[in-house]
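Worksheet: one structure, shown below.
By convention in this document, chain letters (A, B, ...) are assigned in the order of the sequence lines, proteins followed by strands, and residues within each chain are numbered from 1.
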Amino acid sequence: MRILCVAEKNDAAKNIAAQLSNGSARNEAGPSKYNRLYKFYSMFEGHQADFVMTSVSGHMQNYEFPIQYKSWSSTPPDALFDAPLVKNVTKDMVKVKQNLEQQSRTHSVLIIWTDCDREGENIGAEVRDVCLRANRNLRVLRARFSEITQTAVRRAMANLVPLNVLIAEAVDARQELDLRIGASFTRLQSLFLQNRFPTLVDRLVSFGSCQFPTLGFVVERWRAIAEFQPEKFWKIEVHHNRGGMNTIFTWSCVRLFSERAAAAIFEEIEESGRAKVTHLESKPKSKWRPFPLETVELEKKARMLGLTAKDIMKIAEKLYTTGFISYPRTETNIFPKSLDLKPMVEAQQRDPRFGAFATEILQNGIDPRNGRKTDEAHPPIHPLKEGSGLVGAEAKVYEFIARRFLACLSRDAQGFETTCKLEIAEEEFSAKGLLISDRGYLEVYPYDKWSDKTLPQYQFNEEFTITNAEFIESTTTAPLLLSEPDLIGLMDKILKTHSRKTIRTVSLGIGLVSAYEDLSIPLANHLLRSGLERDLVKIENGEKQRDAVVRAQVNAYREAYKKAEENLNRFGAVIAQSMGVARQNDRPFELPRNPADDAVARCPRCQSPMVVKTIPNGSVCVSCTGYPECRTSGFLPNGGRMIARLRACNCSAGFYVVRWSFEPGSVPSHMTGEYEGCLGCDETLKEVIRISIREGDAARNNRRGGGPPPGPGPGRGGGNQRGKKRKSDHDSGPGGSGGAAVNCGCNKPAKKLTTRKDGPNKDRDFYVCSDFPKVCNYFQWADEVQPGSGGADGSRNPPKKTNNPRNNPGPSSSAAAAGNVQCECGKNALSLTVRKDGPNQGRPFFKCPDSGFIRKYSGSILKAICSFKI
DNA sequence: GCAAGGTC
């Protein structure tokens, strides 16, 4: 039996393998650098089995929009709410996936050992899918564990369960929503604000469904601080010296905001100077030991240890995978009854720092203080083995976790609190003292402070003269609930620092929050995100369907989006105000339209809609909306309109051929015509177009056709024939063969002339355009140039780079009549069919046997068309 | 060029 185990990360794989194999696992390299293979023998279902333990590195796949939605300029952002999504293996994970596929093929059982949390379940589902695709007979099982110790791992092994599909689906729903919401709002915000504010050109104004509510929270604090008006207040303190001890009695009234009133009372107190003890009470007081440790609490303690919340979790994660502590992501603060805490306390006995305390706990009996929360998945964070060998920050975090663990198992600290109240001039003052009788858990938990504060002996009803009274003026201070470094750190994190193009202006953050508030769009409200979290739990419980949750959430955010889009001007004004800039431009803003509305064709490479745009220099450009992934585009001469895509050509860039025409009236009539052109890279397209537009042709066309033909109409034939019939072009230029000036199709002089040195066309002469190779890289075989003609005519000379075999240059147009026309690809053309309908009705044409469509009408050169082979 | 969540 061969068993494949997959953990969430290499570290975990290594340690789980070590536990299952008693340290005997062999470590081998696999296709993925970071994900090693650990091989060992162990028992499975009562039999000795071969084990391979390997890992992934978190998620392998990521949701993405299909290529046709990737262009910001031709996808309306709200289309992303409904756009299809694809889940792709990310680039970094290709080898990780390969590793799983390879292993799956030689194993019959898959055990998933990803972390036992939400994301872990989803990662487990990814692992399962990849492995099952490679080997559909795999038996898939899931190991459940909260810690990587011998017992836990073996217990998990003995109690394998199925993967929890519902949890995986909940994560999937979150992923989908995060992407849809993030992408649509990010595009709307970025495009609009870039248009409005010159300082934001090229900047990304990102929006995240988690990030934005946090921004809202920060902005709220920020405002409270900004709007805070300090207020003066006055208070009175009474001091009394007794037995060398100075005791400060504080005013029960605490403070007054009226100086006159406070001063009047102070005067009376100073004048009287006599105090009477009106209340004297001494009662036992205890300081409770802490609750068992949960994640949030651990994060809160980070600062105390000089770490950030992120750092402390990273370290805890490491301590977990190395088996020092239990799983650090838990919302539980109750130790389950089934968990035997004794061995863990015993392990701490060996630690010189708190070994004695651990021993004391064992003697007194383990008595955990329990909270009320449980996530029913993981116990509170606790140490698993002794960790006195650790160093650095790991040691610090481990020590905290161990001390916390021992603290919550020990006993509360005990003491006596004495309260003494005085009356002076009818005002009440009080002081408190503390006498600690048993430090209890504080012995092992120095992170809590509870200090003795002694109070001298006073008697009830006793009267004495106060030493002095102080009149203190003070001011209220801003509600700095978040410290300044916190605030800046948070802002920085929110307005993402990872990209140079990202804005980091606090005023923009405030502006965004204010703008949505102004439109009553509750995006900055945490309730929106917590509503999603609740829905995710419902998916996990089976109370709600994944798709229903996604639909409902998408609809809610779509409403918010619509409202913002409909009120963009107001939205911009609020942000302008916050940023302190008068709006610097009033350029009209238009959101991208649905490409389907404007598309003239589908991109043959990526199937995105292709749209026609006029660029500032007046050129008309047909470009793929799949930009920038797909860069298929090309320029049409003024007014050109693509009317149909015929087929893809076979050039290396995957260019394709279009049939297009000119709008009658929108261009000079001589341009009317129809031809096929490759809309691949710019150069190739330009060549195509130049070949086709010739004034001489046009003039002849017009004479023949008797006036400008109406677009895709009767004028077409002319286009096809222009090469042959062109005899008297006025073009002249250098070069030329045999004295006659030869022009390239782009109307520039063609250069004579090079002889092919090798290949199938060895010894044949050809012309190239004088622009060659920069702009126009068409060329023309010399023996095909019509005497005295403009040279490279409308015939579609093959681009130089095509590698079509030219073994048989084939007969030119005259061969058509012979009925033995050869396609350039060397095959005999099928001859001859007559067009049954359409504008070319009645015309005979040839087809290449390789192609299913019309190659060329019989009156023109077949060969050139075939340079665009299928 | 979009998010957030894993992880190296």
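In this structure, A/Ser206 does not reach the B/dG1 phosphate: none of its side-chain N or O atoms is under 4.0 Å from OP1 or OP2. At the phosphate of B/dA3, neither OP1 nor OP2 sits under 4.0 Å from any side-chain N or O atom of A/Gln175.
Nearer to the 5' terminus of DNA chain B, by closest-nucleotide assignment, is the contact made by A/Arg529 (compared with the other of A/Asn10 and A/Arg529). Nearest-nucleotide positions on DNA chain B for A/Asp92 and A/Phe65 put A/Phe65 closer to the 5' end.
Residue A/Thr186 is classed as a sugar-phosphate contact, given heavy-atom separations below 4.0 Å to backbone atoms only. Among the atoms of the strands shown, none is found under 4.0 Å from any heavy atom of A/Asn122.
Residues passing the ring pair (Phe, Tyr, Trp, His ring centres under 6.0 Å) test with A/Phe207, sequence neighbours excluded: A/Phe185, A/Phe212. Every residue was checked against the side-chain hydrogen bond (donor to acceptor under 3.5 Å, both in side chains) condition with A/Asp129, not counting sequence neighbours, and none meets it.
Atom pair A/Leu193:CG and B/dG1:C1' shows a separation of 15 Å (rounding to whole Å applied). Spacing between atom CH2 of A/Trp113 and atom P of B/dG6 amounts to 21 Å, rounded to whole angstrom units. Atom CD in A/Glu176 sits roughly 16 Å away from atom P in B/dA4 (whole-Å rounding). Taking atom NZ of A/Lys87 as the reference point, atom P of B/dG6 lies 14 Å away to the nearest angstrom. Between the NZ atom of A/Lys95 and the C1' atom of B/dC8 there is a distance of 15 Å, rounded to whole Å. Distance, A/Glu121 CD to B/dG6 C1': 14 Å, rounded to whole Å. Between A/Lys314 atom NZ and B/dC8 atom C1' there is a gap of 9 Å when expressed in whole angstrom units. In this structure, the CE atom of A/Met60 is 11 Å from the C1' atom of B/dG6, given to the nearest Å.
Side chain of A/Lys9, nearest nucleotide from B/dG5, B/dT7, B/dC2: B/dT7. Nearest to the side chain of A/Tyr34, among B/dG1, B/dA3, B/dC8, sits B/dC8. Candidate nucleotides B/dA3, B/dC8, B/dG1 were compared by shortest atom distance to the side chain of A/Leu204, and B/dG1 ranks first. Nearest nucleotide to the side chain of A/Arg187, out of B/dC2, B/dG6, B/dC8: B/dC2. Nearest nucleotide to the A/Asp178 side chain, out of B/dC8, B/dA4, B/dC2: B/dA4. Across B/dG5, B/dA3, B/dG6, the shortest atom-to-atom separation from the side chain of A/Glu8 is found for B/dG6. Checking B/dC2, B/dT7, B/dG1 against the side-chain heavy atoms of A/Ala183 singles out B/dC2 as nearest. Side-chain atoms of A/Leu179 lie closest to B/dA3 of the nucleotides B/dG1, B/dC8, B/dA3. Closest to the side chain of A/Glu119, from the set B/dG5, B/dT7, B/dA4, is B/dG5.
In this structure, A/Phe207 does not pack face-to-face on the six-membered ring of B/dA3, missing the 5.5 Å centre cutoff or the 30° plane limit.
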Subject >> From CA spacing to verdict: side-chain hydrogen bond (donor to acceptor under 3.5 Å, both in side chains), A/Gln61, A/Lys97 >> reply: CA-CA 10 Å; A/Gln61 294 175 302; A/Lys97 181 180 170 228; over 6 Å; no

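A salt bridge does not link A/Lys563 with A/Glu559: every distance from a Lys NZ or Arg NE/NH1/NH2 to an Asp or Glu carboxylate oxygen is 4.0 Å or more.
No side-chain donor-acceptor contact under 3.5 Å links A/Arg174 and A/Ser209. No side-chain donor from either of A/Thr322 and A/Asp11 sits under 3.5 Å from a side-chain acceptor of the other.
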